[in-house]
Amino acid sequence: MTRSIIIVALVLVAVLVGGLAWEGLRGSLFGGLKTEEVTTHRSVLEEIEALGKVELVKYKFKDVVEHKVKYNWFPDSKVMLIVSGEAVGCIDLAQIKPQHLLDTQDTLFLTMPAPELCYYKINHQDSKIYDTKNTYFNDAQLIDKAFKAAEKEIARLAYQANITEMTIQNADKILKPLLAQIAGKVVVLNYPPNAVKDQLKDRVRF
């Protein structure tokens, strides 16, 4: 009996040593053969678009996102993220036409385009996955859905925090003095009657 145990132990040791030797040999052979890693790009410039959007305000957000998937017979899946994101309000000056200008002797009246939410995004480098539970090998999909939900929330919060109104205020602070200096006269910026109100309609989509 003791002899059989010794033989089995020796066999296990031999297998273990052999495995370690193979790992070392494989690393030596294939690691020695690899000289560099090459990534090839075949990029094509598809379109050039002229932009006239002036960014006038940026909101930064932090959000703790919990995304759940509920099951009838299994524990719920859950992903928790700590998300950093931003939203930018802007005005597209490319929309201004000659008919939007009224030039009098001492004052320039300019009808501005409606302010807009220029873009909103998640800063992935400043965000992190805090916790995952019962993901059933479905981590990537759940995390992706959680990030998409967080991105929509950034847009909703930006509108809720009056980003379009703040864009108008900053246009008065930043653009009006600049235009006045160029024109050499008083500048009055006007906006369409429902400029902000129409933007607020987008809130219901989030």
Side-chain angles (χ1 to χ4, degrees), residues 47 49-69 78-104 106-131 142-206:
E47 183 180 357
E49 182 180 353
L51 300 176
K53 294 185 178 180
V54 177
E55 298 180 6
L56 293 165
V57 62
K58 179 187 287 186
Y59 285 5
K60 293 185 177 181
F61 297 95
K62 283 284 187 182
D63 191 11
V64 177
V65 182
E66 184 179 90
H67 180 74
K68 281 185 178 181
V69 178
K78 184 173 76 172
V79 172
M80 187 173 289
L81 311 175
I82 298 176
V83 174
S84 174
E86 63 186 52
V88 171
C90 66
I91 292 177
D92 188 359
L93 299 183
Q95 294 181 28
I96 298 176
K97 308 298 180 187
Q99 59 267 30
H100 297 141
L101 293 168
L102 176 59
D103 193 1
T104 66
D106 57 359
T107 305
L108 176 65
F109 296 90
L110 176 58
T111 301
M112 300 286 284
E116 58 185 274
L117 181 60
C118 199
Y119 67 84
Y120 54 94
K121 66 177 183 177
I122 289 179
N123 297 322
H124 288 276
Q125 68 272 18
D126 297 324
S127 304
K128 65 179 180 178
I129 301 163
Y130 182 74
D131 192 23
L142 291 174
I143 291 168
D144 183 59
K145 286 183 177 180
F147 272 120
K148 286 179 179 176
E151 193 170 55
K152 279 189 174 183
E153 181 66 4
I154 287 171
R156 190 190 70 80
L157 288 172
Y159 278 122
Q160 192 176 58
N162 302 319
I163 193 168
T164 47
E165 293 93 326
M166 186 61 68
T167 301
I168 289 176
Q169 290 179 28
N170 282 359
D172 285 341
K173 292 178 183 176
I174 298 168
L175 294 179
K176 187 188 287 187
L178 179 62
L179 294 172
Q181 186 174 6
I182 294 171
K185 57 182 68 178
V186 175
V187 172
V188 176
L189 302 182
N190 297 313
Y191 294 86
N194 296 320
V196 174
K197 189 175 179 181
D198 289 342
Q199 291 290 321
L200 299 183
K201 290 178 183 177
D202 289 339
R203 292 182 185 179
V204 298
R205 300 178 187 173
F206 300 105

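Computed from a predicted structure; not experimentally measured. If you read the sequence from its start, that first residue is 1, and numbering goes on from there.
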Trainee: Which residues pass the side chain to side chain contact (heavy atoms under 4.5 Å, CB included) test with Glu66, not counting sequence neighbours?
Mentor: Lys68, Lys78, Met80
Trainee: Which pair of non-hydrogen atoms, one from Ala171 and one from Leu189, has the smallest distance, and what is that distance?
Mentor: O-CD1, 3.9 Å
Trainee: Would you say the side chain of Val186 lies within less than 4.5 Å of the side chain of Asp106, judging by non-hydrogen atoms?
Mentor: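 No - every pair of side-chain heavy atoms lies 4.5 Å or more apart.
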Trainee: In Å, rounded to the nearest 0.5 Å, how long is the span from SG of Cys90 to NZ of Lys53?
Mentor: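 Rounded to the nearest 0.5 Å, the SG-NZ separation comes out at 5.5 Å.
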Trainee: Would you say Ser127's side chain and Ser84's backbone share a donor-acceptor pair under 3.5 angstrom?
Mentor: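 Checked: pair present.
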Trainee: With a 4.5 Å heavy-atom cut-off, do Gln95 and His100 have their side chains touching?
Mentor: no
Trainee: What are the two closest heavy atoms between Val187 and Leu179, and how far apart are they?
Mentor: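 Minimum heavy-atom contact is CG2-C, 3.8 Å.
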Trainee: Taking side chain to side chain donor-acceptor pair (under 3.5 Å) as the definition, give me every residue that meets it alongside Lys185, ordered by chain and number, with sequence neighbours left out.
Mentor: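 Side chain to side chain donor-acceptor pair (under 3.5 Å) check on Lys185 returns Asp103.
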Trainee: Picking from Val65, Val83, Asp63, Leu81, what satisfies side chain to side chain contact (heavy atoms under 4.5 Å, CB included) with Ile122?
Mentor: Val83
Trainee: Taking side chain to side chain contact (heavy atoms under 4.5 Å, CB included) as the definition, give me every residue that meets it alongside Leu157, ordered by chain and number, with sequence neighbours left out.
Mentor: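 Side chain to side chain contact (heavy atoms under 4.5 Å, CB included) check on Leu157 returns Phe61, Glu153, Gln160.
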Trainee: Would a 4.5 Å heavy-atom cut-off, applied to side chains only, mark Val54 and Ile174 as touching?
Mentor: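 They are not in contact (no side-chain heavy atoms under 4.5 Å apart), so the answer is no.
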Trainee: My understanding is that only residues two or more places apart in sequence, or in another chain, count here; which of them pass side chain to side chain contact (heavy atoms under 4.5 Å, CB included) with Lys121?
Mentor: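 Partners of Lys121 by the side chain to side chain contact (heavy atoms under 4.5 Å, CB included) criterion, ordered by chain and then number, come out as Glu86, Tyr119, Asn123, Glu151.
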Trainee: If the condition is side chain to side chain donor-acceptor pair (under 3.5 Å), which residues does Lys176 pass it with, not counting sequence neighbours?
Mentor: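 Testing Lys176 for side chain to side chain donor-acceptor pair (under 3.5 Å), a comparison that skips the adjacent residues, returns none.
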Trainee: When you compare the side chain of Thr167 with that of Glu55, does any pair of heavy atoms fall below 4.5 Å?
Mentor: no
Trainee: Taking the side chain as C-beta and beyond, is there a heavy-atom pair between Ile96 and Leu110 under 4.5 Å?
Mentor: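 Yes; the side chains approach each other to less than 4.5 Å.
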Trainee: Give a yes or no on whether Gln125 atom CD has more than 12 heavy-atom contacts from other residues, nucleotides or ligands under 6.0 Å away.
Mentor: yes
Trainee: Is any side-chain heavy atom of Ile91 closer than 4.5 Å to a side-chain heavy atom of Tyr191?
Mentor: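 Answer yes - side chains close enough.
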Trainee: So which atom in Gly89 and which in Ile163 form the shortest heavy-atom distance, rounded to 0.1 Å?
Mentor: N-CD1, 3.6 Å
Trainee: What residues form a side chain to side chain donor-acceptor pair (under 3.5 Å) with Asp172, not counting sequence neighbours?
Mentor: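 Counting only residues at least two positions away or on another chain, Asp172 forms no side chain to side chain donor-acceptor pair (under 3.5 Å).
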Trainee: If every non-hydrogen atom of Pro192 is compared with every non-hydrogen atom of Met112, which pair is closest and at what distance?
Mentor: CD-O, 3.1 Å
Trainee: Taking Tyr59 for its side chain and Ala161 for its backbone only, find out whether a donor-acceptor pair lies under 3.5 Å.
Mentor: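 Answer holds: yes.
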